[in-house]
Amino acid sequence: MRLLKYLFCLVLFTGITMPLLSSCSDDDENSSAIEGYWVTGLEGEGTPEMILFKGGKFVALSFDRGENVTAQKMKEWVDEAFETHKITHLGSLSDKYMMDYGTYSLNGDNLVLKYSDEDGDDVVERDKVSFKENVMVITWLPDSSDDDEEEDSTVYYRYTGE
């Protein structure tokens with residue numbers, strides 16, 4: 001009987017303390033908040049652009065306003081660019097788009113994008129990012145060397161294919 005009481009107390013103690021010892025990190029929630037497809041400029045304001053954040057990497061495509069580009073087409077091209085860092089079937093649009101790719105990290109509201117250029121050099125930019133439901137606002141902070149430059153914000157909407 002004494003052994004049974006001891007085992008019961010041990011199981012009870014373990015059942016109470018184990019959930020307290022394992023905790024979730026805020027970093028997991030933040031990084032998953034940004035992962036996915038984000039689109040802006042399709043409503044007639046600004047440049048049409050789509051960004052894919054996935055597994056610590058990103059790719060962004062921007063198009064001239066004059067082209068009638070759908071979000072579904074942009075998603076296809078972003079997927080191809082994410083895998084190959086180039087787009088092979090843009091046809092007449094090939095000279096009317098801009099592609100950026102690289103790696104990202106998210107720490108609180110600090111978004112660090114490391115752009116990879118054709119020379120293999122990385123350019124680091126620090127931005128602020130905020131989320132509200134399916135809306136993301138990225139605020140590009142001015143370069144510390146340029147006092148005249150102001151903050152510039154862009155609103156992105158999560159693209160789910162619907």
Side-chain angles (χ1 to χ4, degrees), residues 18-65 67 69-91 93-146 149-162:
M18 288 308 287
L20 297 175
L21 294 176
S22 63
S23 64
C24 296
S25 170
D26 288 342
D27 294 346
D28 295 341
E29 291 176 19
N30 283 342
S31 65
S32 65
I34 199 170
E35 292 218 353
Y37 298 89
W38 296 90
V39 66
T40 190
L42 291 180
E43 306 81 27
E45 264 185 44
T47 303
E49 179 180 4
M50 183 174 278
I51 303 176
L52 170 59
F53 292 100
K54 182 174 158 184
K57 298 178 183 176
F58 80 93
V59 66
L61 289 181
S62 303
F63 291 86
D64 283 347
R65 166 62 50 206
E67 297 298 329
V69 180
T70 65
Q72 181 59 37
K73 274 292 182 198
M74 289 179 77
K75 181 187 178 300
E76 292 172 18
W77 295 330
V78 163
D79 287 339
E80 181 183 355
F82 190 83
E83 295 301 322
T84 64
H85 295 156
K86 58 186 168 188
I87 300 177
T88 56
H89 61 280
L90 276 177
L93 294 178
S94 62
D95 59 343
K96 299 182 179 185
Y97 80 96
M98 186 176 82
M99 181 176 75
D100 288 316
Y101 62 92
T103 61
Y104 74 91
S105 61
L106 187 62
N107 185 8
D109 68 346
N110 255 358
L111 174 63
V112 179
L113 299 173
K114 291 186 179 181
Y115 293 93
S116 297
D117 61 16
E118 293 173 4
D119 299 329
D121 299 327
D122 289 337
V123 178
V124 179
E125 294 191 9
R126 291 193 173 270
D127 307 311
K128 290 190 314 187
V129 64
S130 63
F131 300 95
K132 185 174 182 182
E133 296 179 10
N134 286 329
V135 176
M136 173 177 65
V137 179
I138 298 179
T139 303
W140 281 270
L141 302 174
D143 186 358
S144 59
S145 64
D146 190 357
E149 195 176 342
E150 295 181 16
E151 288 184 359
D152 183 28
S153 295
T154 306
V155 177
Y156 293 87
Y157 300 93
R158 186 175 294 278
Y159 178 72
T160 59
E162 297 171 358

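All values below come from the heavy atoms of this structure, side chains included, with hydrogens, waters and symmetry mates left out. Remember, predicted model here, so these are calculated numbers, not experimental data. Just so you know, residue 1 is the first one in the sequence shown, and it goes up from there.
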[X]: which residues meet the salt bridge (charged side-chain N to carboxylate O under 4.0 Å, His left out) condition with it, sequence neighbours left out?
X: K73; value: E76
X: D152; value: none
X: K114; value: none

Does the side-chain contact (heavy atoms from CB on, under 4.5 Å) test come out yes or no for V112 and Y104, once each step is laid out? CA-CA 5 Å; V112 179; Y104 74 91; over 6 Å; no

Does W77 form a side-chain contact (heavy atoms from CB on, under 4.5 Å) with M99? I'd like the steps, not just the answer. CA-CA 10 Å; W77 295 330; M99 181 176 75; over 6 Å; no

Show me the pairs that pass salt bridge (Lys or Arg N to Asp or Glu O under 4.0 Å) and involve residues 46-58, at least two apart or across chains. none

Would a distance-only check, ignoring hydrogens and angles, find a side-chain to backbone donor-acceptor pair under 3.5 Å from Q72 to G161? no

In terms of heavy-atom contacts, does CD of E133 have more than 12 from other residues, nucleotides or ligands at under 6.0 Å? no

The criterion is side-chain hydrogen bond (donor to acceptor under 3.5 Å, both in side chains); which residues satisfy it with D79, sequence neighbours excluded? Y37, K75

On a heavy-atom basis, the closest approach of L42 and V69 is CD2-O, 3.5 Å

How close do R158 and E35 get, heavy atom to heavy atom, and via which atoms? NH1-O, 2.8 Å

How would you list, by chain and number, every residue that makes a side chain to side chain contact (heavy atoms under 4.5 Å, CB included) with K128, sequence neighbours excluded? D109, T139, L141, E151

Straight-line distance of [X] [atom1] to [Y] [atom2], nearest 0.5 Å:
X: M98; Y: L61; atom1: CE; atom2: CG; value: 9.5 Å
X: I34; Y: Y156; atom1: CD1; atom2: OH; value: 10.0 Å
X: K96; Y: S62; atom1: NZ; atom2: OG; value: 15.5 Å

With a 4.5 Å limit on heavy-atom distance, are the side chains of [X] and [Y] in contact?
X: L52; Y: M50; answer: no
X: Y157; Y: N134; answer: no
X: F53; Y: V59; answer: no
X: L106; Y: V129; answer: yes

Is the distance between the ring centroids of W38 and F58 less than 6.0 Å? no

side-chain contact (heavy atoms from CB on, under 4.5 Å) assessment of V135 paired with V155: CA-CA 7 Å; V135 176; V155 177; 3.6 Å; yes

Test side-chain contact (heavy atoms from CB on, under 4.5 Å) applied to L113 and L111, step by step: CA-CA 6 Å; L113 299 173; L111 174 63; 4.0 Å; yes

